[in-house]
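First comes the structure, then the notes that go with it.
Chain A is the first sequence line, chain B the second, and so forth, proteins listed ahead of strands; every chain is numbered from 1.
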Amino acid sequence: MALVEGACRFGLWWVHVSWSGSVIHHVRFATSGSEGTVPDALRRYLRGRETDLSVFSTPATDDDAPYAAIYRVVRAVPYGSTATYGEIARAAGTHPRVVGMAMKRNPVPLIIPCHRIVAAGGIGGFSYGIALKEALLAMERKK
DNA sequence: CAGTGTTCAGGAT
DNA sequence: ATCCTGAACACTG
């Protein structure tokens with residue numbers, strides 16, 4: 001199946017996606033972009049009309065590298081709720097700092113909801129800025 | 001080897 | 001109850 005790219009607006013940001021069928025290869029945020037095709041469910045999600053992104057898959061969870069195990073656990077945290085780096089680490093059999101690294105290098109944010117992972121004592125970090133992380137969490141809470 | 005989107009216990013305020 | 005420290009953790013480039 002052919003690789004397709006497109007973008008969709010989310011508040012102040014643009015979400016750029018490259019995918020092939022139901023397999024999402026890459027997702028990134030940017031401050032610019034232009035309206036294009038993105039998978040339907042993802043577009044609905046970004047408008048707050050869809051809570052289930054499990055129809056998608058991504059190569060990032062496939063191999064047996066340590067990160068893949070972490071990504072699988074993270075995918076299981078439900079819409080609208082959060083987990084801590086420590087909880088994820090225990091479930092994946094690794095250390096919280098590694099979870100941090102895995103989140104930072106997450107190739108498919110949203111599909112792997114790294115924004116739902118917060119620090120034990122606060123909000124934690126986010127590659128694209130805390131503001132975006134909070135916006136995503138706020139949107140999910142509202143539904 | 002240094003550096004990480006961390007955590008926890010311990011001690012001081 | 002809240003605010004520092006400091007050390008350890010597993011993995012990556």
Original post:
Whole Å only: how far is the CG atom of A/Leu132 from the C1' atom of B/dG5?
Top reply: 13 Å
Original post:
So which nucleotide from C/dC9, B/dG5, B/dT7 ends up closest to the side chain of A/Met103?
Top reply: B/dG5
**OP:** Please check if the side chain of A/Tyr71 supplies one atom and the backbone of A/Ala102 the other of a donor-acceptor pair under 3.5 Å.
**Re:** yes
Subject >> Distance, rounded to the nearest Å, where A/Arg116 contributes CZ and B/dG5 contributes P >> reply: 21 Å
**OP:** For the residue pair A/Val4 and A/Val38, establish whether any side-chain heavy-atom pair is separated by less than 4.5 Å.
**Re:** no
Original post:
Taking the six-membered ring for Trp, are A/Trp13 and A/Phe10 parallel (under 30°), tilted (30 to 60°) or perpendicular (over 60°)?
Top reply: parallel
Subject >> Side chain of A/Lys104 - closest among C/dA10, B/dT7, B/dT4 >> reply: B/dT4
Original post:
Which part of the nucleic acid, if any, lies within contact of A/Ser127, taking any heavy atom under 4.0 Å across all strands shown: a base, the sugar-phosphate backbone alone, or nothing?
Top reply: base
Subject >> Sole residue of A/Val77, A/Thr58, A/Ile117 in side-chain contact (heavy atoms from CB on, under 4.5 Å) with A/Ile112 >> reply: A/Thr58
**OP:** Determine whether A/His26 and A/Glu5 make a side-chain contact, defined as any pair of heavy atoms from C-beta on separated by less than 4.5 Å.
**Re:** no
Original post:
Once the angle between the rings of A/Tyr45 and A/His115 is folded into 0 to 90°, is it parallel (under 30°), tilted (30 to 60°) or perpendicular (over 60°)?
Top reply: tilted
Original post:
Mind checking whether A/Tyr128 and A/Phe29 have parallel, tilted or perpendicular rings, split at 30° and 60°?
Top reply: perpendicular
**OP:** When you get a sec, tell me which of B/dG5, B/dT7, C/dC11 is the closest nucleotide to the side chain of A/Cys114?
**Re:** B/dG5
Original post:
Would you call A/Glu35 and A/Trp14 a side-chain contact if the rule is heavy atoms closer than 4.5 Å?
Top reply: yes
**OP:** Starting from P on C/dA10, measure out to CZ on A/Arg105 and report it in whole angstrom.
**Re:** 20 Å
Original post:
Does anything in residues 56-64 of chain A reach DNA chain B, meaning a heavy atom under 4.0 Å, and if so which residues?
Top reply: none
Subject >> Interatomic distance, A/Arg90 CZ vs B/dT7 P [rounded to whole Å] >> reply: 10 Å
**OP:** Looking at every strand, decide which applies to A/Ile123 at a 4.0 Å heavy-atom threshold: base, sugar-phosphate, or nothing.
**Re:** nothing
**OP:** For DNA chain B, just give me the dot-bracket, please: Watson-Crick or G-U, both distances below 3.5 Å, ( ) intra-strand, [ ] crossing earlier pairs, | paired with another strand, . unpaired.
**Re:** ||||.||||||||
Original post:
Short question: side chain of A/Glu140, backbone of A/Gly80 - any donor-acceptor pair under 3.5 Å?
Top reply: yes
**OP:** Look at all strands and tell whether A/Gly86 reaches a base, only sugar-phosphate, or nothing, counting heavy atoms closer than 4.0 Å.
**Re:** sugar-phosphate
Subject >> Between P of B/dT6 and CD1 of A/Ile70, the distance in whole Å >> reply: 13 Å
Subject >> d(CZ, A/Phe126; C1', B/dT4) in whole Å >> reply: 17 Å
Original post:
Between atom CG in A/Asn106 and atom P in B/dT4, what is the gap in whole Å?
Top reply: 19 Å
Original post:
Of A/Met101 and A/Arg97, whose closest DNA chain C nucleotide lies nearer the 5' terminus?
Top reply: A/Arg97
Subject >> Beyond-backbone contact of A/Arg116 with A/Tyr79, side-chain heavy atoms, under 4.5 angstrom >> reply: yes
Subject >> Value in whole Å for how far the C1' atom of B/dT4 lies from NE2 of A/His95 >> reply: 11 Å
